[in-house]
Amino acid sequence: GDSVTQMEGPVTLSEEAFLTINCTYTATGYPSLFWYVQYPGEGLQLLLKATKADDKGSNKGFEATYRKETTSFHLEKGSVQVSDSAVYFCALSEMYSSASKIIFGSGTRLSIRP
Amino acid sequence: NAGVTQTPKFQVLKTGQSMTLQCAQDMNHEYMSWYRQDPGMGLRLIHYSVGAGITDQGEVPNGYNVSRSTTEDFPLRLLSAAPSQTSVYFCASMGGYGYTFGSGTRLTVV
């Protein structure tokens with residue numbers, strides 16, 4: 001079945017460092033790919049998405065490119081801030097019968113030191 | 001504000017007790033789902049619904065029941081709580097812009 005694998009955390013970086021969180025997927029069809037962010041005590045919020053190969057999703061300085069050839073959707077940010085500390089989830093969504101299901105990775109906790 | 005509302009935010013149950021986690025959305029979304037979040041395991045789908053009157057099982061449905069009598073509401077029922085059901089539960093609905101999540105219910109079963 002479909003699955004998402006992302007790098008295990010926690011990831012600890014200093015402010016203004018470059019961030020990469022790796023995400024790879026397996027899917028039978030042509031999924032949409034997502035990154036969600038979860039701040040402490042809150043639910044998940046959509047950070048960015050890409051719906052087809054070579055699409056780049058971007059938001060709040062974060063970017064991820066849908067790479068079909070490597071089945072990857074790595075999250076990057078050029079200069080992280082303390083406020084980026086959160087748990088990040090990579091996810092994919094495909095249509096199953098008449099519904100769309102979303103499958104999440106296990107999450108990567110990111111901590112940014114001032 | 002439009003969104004997904006979950007109640008309660010926190011709950012402690014004794015083994016064998018029953019309870020219902022409430023979820024309501026005001027975005028007229030057809031698709032709603034329940035997830036549980038456990039450390040190191042991401043989010044796992046419990047049940048989902050593609051519209052009023054239609055529900056189906058997800059990845060980990062055992063011990064949970066759902067119903068969908070209206071588009072707005074999608075309650076999750078624990079009939080006989082077990083310590084293994086200690087988790088954080090999230091309700092989500094899906095619209096044209098993707099999934100919207102509630103803020104979660106932290107459930108502890110002792």
Side-chain angles (χ1 to χ4, degrees), chain A residues 1-11 21-26 31-52 55 57-59 64 66 73 86-109, chain B residues 1-7 9-10 21 23-25 27 29-61 66 68 74 87-106:
Chain A
D2 294 357
S3 66
V4 175
T5 302
Q6 57 182 109
M7 63 188 292
E8 291 192 17
V11 174
I21 301 178
N22 290 337
C23 172
T24 57
Y25 68 91
T26 58
S32 296
L33 301 176
F34 307 84
W35 277 101
Y36 281 82
V37 58
Q38 183 180 30
Y39 298 103
E42 298 183 11
L44 278 70
Q45 302 173 26
L46 178 64
L47 180 60
L48 53 86
K49 69 175 183 179
T51 57
K52 61 183 187 296
D55 269 3
S58 61
N59 186 24
Y66 190 143
F73 193 55
V87 181
Y88 292 82
F89 292 90
C90 185
L92 71 80
S93 178
E94 278 202 286
M95 291 295 296
Y96 298 92
S97 300
S98 60
S100 172
K101 292 183 187 177
I102 189 164
I103 297 170
F104 291 92
S106 57
T108 302
R109 182 176 299 278
Chain B
N1 292 334
V4 177
T5 302
Q6 286 184 240
T7 55
K9 291 192 180 301
F10 302 94
L21 309 186
C23 176
Q25 54 95 5
M27 297 170 284
H29 289 168
E30 293 293 330
Y31 184 90
M32 297 184 73
S33 53
W34 276 101
Y35 294 86
R36 59 178 291 173
Q37 183 179 27
D38 301 295
M41 302 190 73
L43 278 80
R44 294 182 291 170
L45 181 65
I46 304 171
H47 285 287
Y48 66 97
S49 169
V50 299
I54 306 170
T55 63
D56 205 349
Q57 296 181 350
E59 183 184 355
V60 288
V66 292
R68 186 91 180 273
F74 190 44
S87 187
V88 181
Y89 292 84
F90 288 98
C91 179
S93 70
M94 187 182 75
Y97 294 98
Y99 283 73
T100 300
F101 284 83
S103 57
T105 296
R106 185 174 294 275

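A note on names: the letters A, B, ... follow the listed sequences, proteins ahead of strands, and every chain is numbered from 1.
Annotation: maximal heavy-atom pairing with chain A below 4.5 Å, among B:G42, B:G58, B:G104, occurs at B:G42.
In the displayed structure, A:E8 atom CD is contacted under 6.0 Å by at most 12 heavy atoms of other residues, nucleotides or ligands.
Side-chain contact between A:Y36 and B:Y99 is present, with at least one heavy-atom pair separated by less than 4.5 Å. In this structure the side chain of B:Y35 reaches within 4.5 angstrom of the side chain of A:I102, judged on heavy atoms.
For the residue pair B:Q37 and A:F89, the shortest heavy atom distance occurs at NE2-CZ, 3.1 Å.
Annotation: salt bridge (charged side-chain N to carboxylate O under 4.0 Å, His left out) contacts involving residues 39-53 of chain B, sequence neighbours excluded, comprise B:D38-B:R44.
Partners of B:R68 according to the salt bridge (charged side-chain N to carboxylate O under 4.0 Å, His left out) rule, which considers only residues two or more places apart in sequence or in another chain, do not exist here.
If you measure heavy-atom distances from A:Q38 to chain B, the contacts under 4.5 Å come from the side chain alone.
The CG atom of A:L44 lies 5.5 Å from the CG atom of B:L43; values are rounded to the nearest 0.5 Å.
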